[in-house]
Amino acid sequence: MSGLLHGPTAEPAAATRRRRVAVVGVALSDCGRVDGPTPYALHAQAARRALADSGLDRRVIDGFASAGLGTLAPIEVAEYLGLRPTWVDSTSVGGSTWEVMAAHAADAIAAGHANAVLLVYGSTARADIKARRRTSNLSFGARGPLQFEVPYGHTLISKYAMAARRHMHEYGTTLEQLAEVAVQTRANAAANPDAMFRAPLTVDEVLSGEMIADPFTKLHCCIRSDGGCAVLLAAEDYVPDTAKAPVWILGSGTSVSHTTMSEWEDFTVSPAAVSGRLAFARAGLTPADVDLAEIYDAFTYMTLVTLEDLGFCGKGEGGAFVEKGRLLRGGELPVNTDGGGLSACHPGMRGLFLLVEAVRQLRGEAGPNRQVTKPDGHLPEVALASGTGGWFCSSGTVILGRG
C-alpha cells in the first residue's frame with residue numbers, strides 16, 4: 001500500500017465547537033485461514049477496502065491508530081501504508097484497544113485536532129502457529145505484578161474460568177446457560193459466509209467437548225483465526241462527500257480495572273459496568289434504546305457478564321437472559337450477529353471487528369438472512385460495541401447510530 005498518502009492535504013480544523021463524528025468507511029481483509037499474506041499485507045488490504053468503502057480521497061486522512069504490530073507501532077505500520085499522520089494513537093489495552101482508540105479518535109476529531117482517522121488491525125495468529133513461526137502462549141508474561149501469579153500456573157484462560165465459577169457460585173448460573181451463548185453465536189454465524197465455523201451446535205456438544213479450563217470446554221472458547229479490518233472516522237464536514245450514509249458516534253466510555261486477580265474486587269463485575277454507564281450517559285440513551293450489540297466474546301462467560309454490566313439485565317440474571325434465543329439475529333437483543341469470536345473470527349484482538357459489524361448492520365449491508373431488523377421491519381437505529389481487554393482488565397464501549 002506504499003504511496004497511499006505522503007501527507008494530509010487538509011489542515012486540522014481550528015474548531016470553535018465540537019464537531020460530530022461519523023464512521024464513514026469499514027472493511028475486512030481476507031479472514032479465516034489466510035496462509036500467504038503477512039500481517040502488514042492484511043493491514044494494507046483492510047485499509048484500502050475501508051478507504052474505497054468511504055468514497056473519500058485518501059489525502060483527507062491525517063490521523064492513524066494501530067496496535068499489536070511493529071517495533072514502534074503505529075509509526076512502523078503507518079510507514080508501510082505510506083501514511084504521514086499528524087495525529088496518532090498506539091493505545092494497547094488488549095481486546096478493548098479498538099473501542100478505546102475509537103473514543104480517542106472521535107474526541108480528537110470533535111475538537112479539531114484531526115479530520116479523518118484510520119484505525120487498522122491485522123494478524124496471522126493462526127497461520128504463524130501452523131507454520132511454527134511462533135508458539136501459543138499461556139500468559140502475558142511474568143514481569144511486574146504478574147510475577148506473583150504465573151509461578152502458580154495461573155494462565156490467561158484460568159482467570160476467565162475462575163471468574164465464571166464465581167458467577168456460578170454467587171448466582172446459580174449453569175453450564176447449560178453458558179453453553180447457550182456458544183450455540184446462539186454459532187447460529188448467527190451460520191448465515192455469515194465469512195465465518196470460519198458455521199455448522200449448527202447443540203448445548204450437549206458444547207458441554208461434552210474437550211475440557212480446557214474448568215468449566216470451559218473447547219467450544220466455550222474463541223477460535224484462532226487470521227484476518228484484519230479497518231474503520232475510518234471523519235468529521236461531519238466530510239460526510240456530504242462520502243459514498244454511503246454515515247453512522248454517527250453517539251457516545252463512548254472507557255475503564256480499567258486490574259492486572260492481578262487479587263486486586264479484582266468482584267469477579268462477577270467487569271469494567272464494562274463503568275464504560276457502559278459512561279457511554280450511555282454521553283449518548284443520552286439507555287440499554288432499552290439499543291437494537292443490537294457486538295460484545296467481545298473470547299469466552300462464553302464474557303458475553304454473559306458484559307450483558308449484565310451494560311444494563312441489559314440485572315446482576316446475576318445473565319444466565320436466564322441468554323436463554324430462549326434472545327441473542328439470535330431475530331431475538332430480543334441480537335448479539336454478535338456475525339458469529340463473534342466464538343465462531344466467525346478471532347485473530348488475536350477482535351475489538352475492531354465489533355465496530356465493522358455494528359456499522360454494516362446499521363447501514364443494512366449485512367446481507368440475506370443476516371440483516372437485523374426491528375420488530376416493525378425497519379433497519380436498526382442504534383448499535384453498541386463493547387470490547388474487553390486482558391482478563392476483564394479494561395473495557396471500551398461505543399454507541400453508534402444512524403440518526
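Side chains included, hydrogens not; waters and symmetry mates left out as well; all remaining heavy atoms used.
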Between Asn188 (side chain) and Val335 (backbone), is there a donor-acceptor pair under 3.5 Å? yes
Any donor-acceptor N/O pair, Gln147 side chain to Gly144 backbone, under 3.5 Å: yes
Any side-chain heavy-atom pair from Leu56 and Thr242 closer than 4.5 angstrom? yes
SG on Cys31 to CE on Met196, rounded to 0.5 Å: 10.0 Å
Is the closest side-chain heavy-atom distance between Asp297 and Val181 below 4.5 Å? no
List the atom pairs, donor and acceptor, that lie under 3.5 Å between side-chain atoms in residues 341-353 and the rest of the protein, sequence neighbours left out.
from: Ser343; atom 1: OG; to: Arg186; atom 2: NE; distance (Å): 2.8
from: His346; atom 1: NE2; to: Tyr296; atom 2: OH; distance (Å): 3.1
from: Arg350; atom 1: NH1; to: Cys345; atom 2: O; distance (Å): 3.1
from: Arg350; atom 1: NH2; to: Asp338; atom 2: OD1; distance (Å): 3.0
from: Arg350; atom 1: NH2; to: Asp338; atom 2: OD2; distance (Å): 3.0

Scanning both residues in full, the closest heavy-atom pair of Leu119 with Ala105 reads CD1-CB, 4.4 Å
Quick check against the 3.5 Å criterion: does Asp53 have a side-chain atom that pairs as donor or acceptor with the backbone of Val26? yes
Side chain to side chain contact (heavy atoms under 4.5 Å, CB included) assessment of Val269 paired with Lys315: CA-CA 8 Å; Val269 178; Lys315 178 52 61 181; 4.1 Å; yes
Distance in Å, Met101 CE paired with Ser66 OG, rounded so as to fall on 0.5 Å steps: 6.5 Å
Would Thr306 and Thr388 count as a side chain to side chain contact (heavy atoms under 4.5 Å, CB included) if you check the C-alpha gap in whole Å, the side-chain angles of each, and the deciding distance to 0.1 Å? CA-CA 9 Å; Thr306 304; Thr388 302; 4.2 Å; yes
Can you tell me if Glu294 uses its side chain to pair, donor with acceptor, with the backbone of Ser386 under 3.5 Å? no
If only atom types and distance count, is the side chain of Glu76 paired as donor or acceptor with the main-chain N or O of Leu69 below 3.5 Å? no
What are the two closest heavy atoms between Pro37 and Thr124, and how far apart are they? O-CG2, 3.5 Å
Answer yes or no: is there a side-chain heavy-atom contact under 4.5 Å between Phe280 and Asp289? no
Is there side-chain contact between Leu304 and Thr173, with at least one heavy-atom pair below 4.5 Å? yes
side-chain contact (heavy atoms from CB on, under 4.5 Å) with Gln184: which of Leu201, Leu327, Asn336? Leu327
How about Val24 and Lys244: do any of their side-chain heavy atoms sit closer than 4.5 Å? no
If we count only N and O atoms by modelled type, under 3.5 Å, do the side chains of Asn192 and Arg329 hold a donor and an acceptor together? no
Quick one: does NZ or CZ of Arg33 land under 6.0 Å from the six-membered ring centre of Phe197, within 45 degrees of the ring axis? yes
If you define the side chain from C-beta out and look only at heavy atoms, does anything of Val290 sit under 4.5 Å from Phe312? yes
Specify the closest pair of heavy atoms between Ser54 and Leu232, including all atoms of both residues, with the distance to one decimal. OG-CD2, 3.7 Å
Ile399 CD1 to Leu278 CG distance, which is reported to the nearest 0.5 Å: 10.0 Å
Any Val231 side-chain heavy atom under 4.5 Å of Trp98 side chain: no
Does a donor on one side chain and an acceptor on the other come within less than 3.5 Å for Glu99 and Thr397? no
Search all heavy atoms of Val77 against all heavy atoms of His43 and return the closest pair with its distance. CG1-CD2, 3.6 Å
Could you walk me through whether Asp291 and Arg402 pass the salt bridge (charged side-chain N to carboxylate O under 4.0 Å, His left out) test, one step at a time? CA-CA 12 Å; Asp291 297 313; Arg402 289 193 296 116; over 6 Å; no
Is the shortest distance from a Lys or Arg side-chain nitrogen in Asp309 or Arg277 to a carboxylate oxygen in the other one below 4.0 Å? no
Using the rule ring pair (Phe, Tyr, Trp, His ring centres under 6.0 Å), only one of Phe392, Phe267, Trp391, Phe216 pairs with Tyr160; which is it? Phe392
Rounded distance [0.5 Å steps], CD in Glu176 versus CG in Leu178: 9.0 Å
Exceeds 12 heavy-atom contacts within 6.0 angstrom, atom NZ of Lys374: yes
For Lys218, is there any backbone N or O sitting under 3.5 Å from a side-chain donor or acceptor partner on Glu210? no
Could you report the tightest heavy-atom contact between Tyr40 and Gly70, atom names first, then the distance? OH-CA, 3.7 Å
Side chain to side chain contact (heavy atoms under 4.5 Å, CB included) against Ser394, all qualifying residues, sequence neighbours excluded: Val93, Ser96, Val256
One pair to check against side chain to side chain contact (heavy atoms under 4.5 Å, CB included): Phe321 and Gln177. What are the steps and the verdict? CA-CA 9 Å; Phe321 183 84; Gln177 290 169 336; over 6 Å; no
Side chains of Met168 and Leu175: does their closest heavy-atom pair fall under 4.5 Å? yes
Examine distances only and state if a side-chain atom of Gln45 and a backbone atom of Asp30 form a donor-acceptor pair shorter than 3.5 Å. yes
Could you walk me through whether His167 and Thr268 pass the side chain to side chain donor-acceptor pair (under 3.5 Å) test, one step at a time? CA-CA 5 Å; His167 199 280; Thr268 70; 5.8 Å; no
Between Arg282 (side chain) and Ser252 (backbone), is there a donor-acceptor pair under 3.5 Å? yes
Backbone N/O of Glu323 and side chain of Glu180: donor-acceptor pair under 3.5 Å: no
Side-chain donor-acceptor pair present, Glu357, Thr337, cut-off under 3.5 Å: yes
Restricting to non-hydrogen atoms, name the atom on Gly122 and the atom on Pro39 that form the minimum distance, rounded to 0.1 Å. O-CB, 4.0 Å
If only atom types and distance count, is the side chain of Gln361 paired as donor or acceptor with the main-chain N or O of Arg370 below 3.5 Å? yes
Could you measure the distance from the CD1 atom of Ile157 to the CE atom of Met162? Nearest 0.5 Å is fine. 13.5 Å
Would you compute the distance between atom CZ of Arg20 and atom CD of Glu236 and round it to the nearest 0.5 angstrom? 7.0 Å
So Arg19 and Asn115, side chain to side chain contact (heavy atoms under 4.5 Å, CB included) or not? Walk me through it. CA-CA 10 Å; Arg19 301 182 293 181; Asn115 291 309; 3.2 Å; yes
Exactly one of Asp237, Leu233, Asp62, Ile249 should register a side-chain contact (heavy atoms from CB on, under 4.5 Å) with Ile109. Which one does? Leu233
